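We use all heavy atoms of the structure for the numbers below, so side chains are in, but hydrogens, waters and symmetry mates are not. Keep in mind it's a predicted model, so treat the numbers as computed, not measured.
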Amino acid sequence: MNLKRIVALAWKEWREIVRDRLFFALAFIVPPMLMLVFGFGLTLDVENLPFAVVDHDRTPASRDYAYRFISSRYFDFKGYADDERVIDRLLADNRVRVALVIPPRFHERLARGEAAPVQVIIDGTFPMRAQTTQGYVAAINAAVSAENMAQALSATRGVPLAEARARVQPVKLEVRYLYNQSIKSIWSMAPKLIMLIMMLSPPFLTALGVVREKESGSIFNIYSSTVSPGEFLLGKLAPYVLISAANWFILWLLCLGVYQVPFKGDPLFFTLASLIYVVCTTGFGLVISMLVQTQVAAMIITSIVTIIPAVLYSGLLLPLSSLSPSASLIAHAMPPMYYGRIVTDCFLKGAGAAQLWPDALVLAGYAVGLFAIGYLLFSKRPKS
C-alpha cells in the first residue's frame with residue numbers, strides 16, 4: 001500500500017467530480033434538496049381536516065354539538081350544507097373529508113334522555129387517515145356525551161356540576177407522551193430521512209464513479225499500472241466517503257435548524273455510528289460497480305438495492321414490530337434498520353453507546369464485509 005498513490009488517485013477523482021457539473025450537483029445539492037422535499041412533503045399528521053355539517057335540527061343543542069368539532073384543531077370547518085346530496089358532491093370533489101349529519105329532533109331526544117344518533121361520513125380513500133379521523137370523532141363525541149350526562153344528572157338530582165362530572169367519569173384518564181410530547185410526525189420522520197438519504201446517495205455516487213471509468217475506458221490505465229487493487233479502491237472511494245460524511249452533517253443541521261428536532265443523544269457516538277453507516281452504504285455502491293459494466297445498469301440495480309430496504313424495511317413508515325415474521329427477517333438483514341434505530345434513539349430518546357453499540361457493531365460488520373467483497377471482485381486484467 002503506497003500512500004502517495006492513494007492520495008493521487010483520490011485527488012484525481014475529486015477533480016473529476018468538480019469538473020462534472022451534473023455529478024457535482026448529484027453529490028452536493030441533491031441530498032439536502034431531498035431532505036427538504038421529503039421533510040415538508042412527507043407527514044403523517046392528520047390535522048385541519050376539511051369538514052361540513054348538515055344540521056336538520058337547527059337548535060342550540062345541535063349547534064353546540066357541531067361547535068365542538070368546529071373549535072377542534074383537527075378539523076377545518078367549511079360551512080353548513082343543506083342536505084346529504086350536497087355532502088356527496090363535496091366529498092366527490094375532495095373539498096371536504098368529513099361530514100357531520102345531525103338529524104331532526106336531536107334536541108328533543110337529548111331532553112328526554114334518549115339516544116340521539118348522529119351520522120358521520122368519512123372519506124375512506126386513505127384508510128389510515130380515515131381510521132385516525134374516526135378516532136378524533138369518537139373522542140369528541142364521547143366528551144360531549146359525558147358532559148351532557150353530567151349536566152342532566154346535576155339538573156335532576158340537584159348535585160353540583162363538578163360532582164356530577166366525577167360520577168359520570170369516575171376514572172379520569174391522563175395521557176403523557178414520552179420522547180415526542182407534541183406528537184409531531186416530523187420529529188420522527190426527519191431523523192429517519194437522514195437514514196434514507198444516506199442509503200441512497202453514497203451508493204449512487206460510488207457506483208456511478210467507478211462504472212464510468214469502465215465505460216470511458218480509463219480503467220485500463222489502472223489495469224496496466226503498478227497500482228494495486230487495494231490502492232485503487234481506497235483512492236477511488238475516499239472522496240465519496242468524505243462527500244457523504246459532509247452531506248450527513250448538513251442533513252443533521254437541517255434536522256436541528258429547519259425542522260426543530262431536538263437532539264438528546266451523545267454527539268460523539270452518533271457521529272461515529274453515522275460515519276460507519278456512510279462507509280457501509282458506500283460499500284454497497286462498490287459491490288454494485290464491480291458487478292455491472294454500464295452506468296444505466298448501475299443506476300437501476302442501485303435503486304432496487306437501496307430504496308426498497310430504506311423505505312419498507314427500516315421503520316420509516318411502519319413500526320418494525322408490525323412487520324410479518326418474513327418481513328422482519330428481511331429487515332434484520334439490511335443495514336437501514338440498524339441505523340434507523342440509532343438515529344431515532346439518539347435524537348428523541350437520548351440514547352448512546354451503552355444502549356446502541358450492538359447496532360453500530362452490526363453496521364461495522366456490514367462495512368467490512370462489503371469492502372471485502374468489493375476487493376475480491378476487483379481483479380486487474382493481465383497485460384496483453
Hey, what do you get for [atom1] ([X]) to [atom2] ([Y]), rounding to the nearest 0.5 Å?
| X | Y | atom1 | atom2 | result |
| --- | --- | --- | --- | --- |
| Asp82 | His56 | CG | NE2 | 9.5 Å |
| Ser274 | Leu251 | OG | CG | 10.0 Å |
| Gln119 | Glu84 | CD | CD | 6.5 Å |
| Arg95 | Ile87 | CZ | CD1 | 10.0 Å |
| Phe106 | Arg63 | CZ | CZ | 12.0 Å |
| Phe284 | Ile288 | CZ | CD1 | 8.0 Å |

Taking the six-membered ring for Trp, are [X] and [Y] parallel (under 30°), tilted (30 to 60°) or perpendicular (over 60°)?
| X | Y | answer |
| --- | --- | --- |
| Tyr80 | Phe77 | perpendicular |
| Phe347 | Phe270 | perpendicular |
| Tyr366 | Tyr338 | tilted |

[X], [Y]: one ILVMFWY side-chain cluster at the under-4.5 Å cut-off?
| X | Y | result |
| --- | --- | --- |
| Leu272 | Ile194 | yes |
| Leu26 | Ile300 | yes |
| Val305 | Tyr339 | yes |
| Leu34 | Trp248 | yes |
| Val54 | Val118 | no |

Could you pull out the closest heavy-atom pair between [X] and [Y], with the gap in Å?
| X | Y | answer |
| --- | --- | --- |
| Tyr375 | Leu233 | CA-CD1, 3.7 Å |
| Ile102 | Ser62 | CD1-O, 3.5 Å |
| Met35 | Leu193 | SD-CB, 3.6 Å |
| Val261 | Trp187 | CG1-O, 3.8 Å |
| Ala115 | Arg109 | O-CD, 3.8 Å |
| Ser201 | Asn247 | OG-ND2, 4.4 Å |

Looking just at side-chain N and O atoms, do Asn141 and Tyr65 make a donor-acceptor pair shorter than 3.5 Å?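 Yes - a donor-acceptor pair under 3.5 Å links their side chains.
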
[X] versus [Y]: any side-chain heavy-atom pair under 4.5 Å?
| X | Y | result |
| --- | --- | --- |
| Met299 | Val296 | no |
| Tyr136 | Ser72 | no |
| Phe40 | Ile186 | no |
| Arg97 | Leu91 | no |
| Leu200 | Ile307 | yes |
| Trp14 | Ile243 | yes |
| Pro31 | Ile250 | no |
| Glu16 | Glu13 | yes |

Backbone N or O of [Y] within a donor-acceptor pair of the [X] side chain at under 3.5 Å?
| X | Y | result |
| --- | --- | --- |
| Ser322 | Pro319 | yes |
| Asp57 | His107 | yes |
| Gln355 | Gly352 | yes |
| Tyr277 | Met195 | yes |
| Asn180 | Lys184 | yes |
| Lys214 | Val292 | yes |
| Ser188 | Ser185 | no |
| Thr281 | Met198 | yes |
| Lys12 | Lys236 | no |
| Ser328 | Ser324 | no |

Evaluate Leu320 against Tyr313 for side-chain contact (heavy atoms from CB on, under 4.5 Å), listing each step before the verdict. CA-CA 7 Å; Leu320 294 171; Tyr313 299 103; 6.0 Å; no

Please indicate whether Gln134 has more than 12 foreign heavy atoms, meaning atoms of other residues, nucleotides or ligands, lying under 6.0 Å from its CD.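 It does not: Gln134 CD has 12 such atoms or fewer within range.
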
Kindly check if the number of other-residue, nucleotide or ligand heavy atoms within 6.0 Å of OH (Tyr67) is above 12?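 No, because the 6.0 Å sphere around OH of Tyr67 holds 12 heavy atoms or fewer from other groups.
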
Pair Trp252, Leu256 - check side-chain contact (heavy atoms from CB on, under 4.5 Å), show working. CA-CA 6 Å; Trp252 181 71; Leu256 298 179; 3.5 Å; yes

So Leu100 and Phe69, side-chain contact (heavy atoms from CB on, under 4.5 Å) or not? Walk me through it. CA-CA 9 Å; Leu100 195 67; Phe69 293 85; 3.8 Å; yes

Can you see whether Phe23 has Arg212 sitting over its ring - NZ or CZ less than 6.0 Å from the centre and within 45° of the normal?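 The answer is yes; both the distance and angle limits are met.
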
Report the C-alpha separation of Phe51 and Thr133 in whole Å, then their side-chain angles, then the decisive distance to 0.1 Å, and conclude whether the side-chain contact (heavy atoms from CB on, under 4.5 Å) test is met. CA-CA 11 Å; Phe51 91 108; Thr133 304; over 6 Å; no

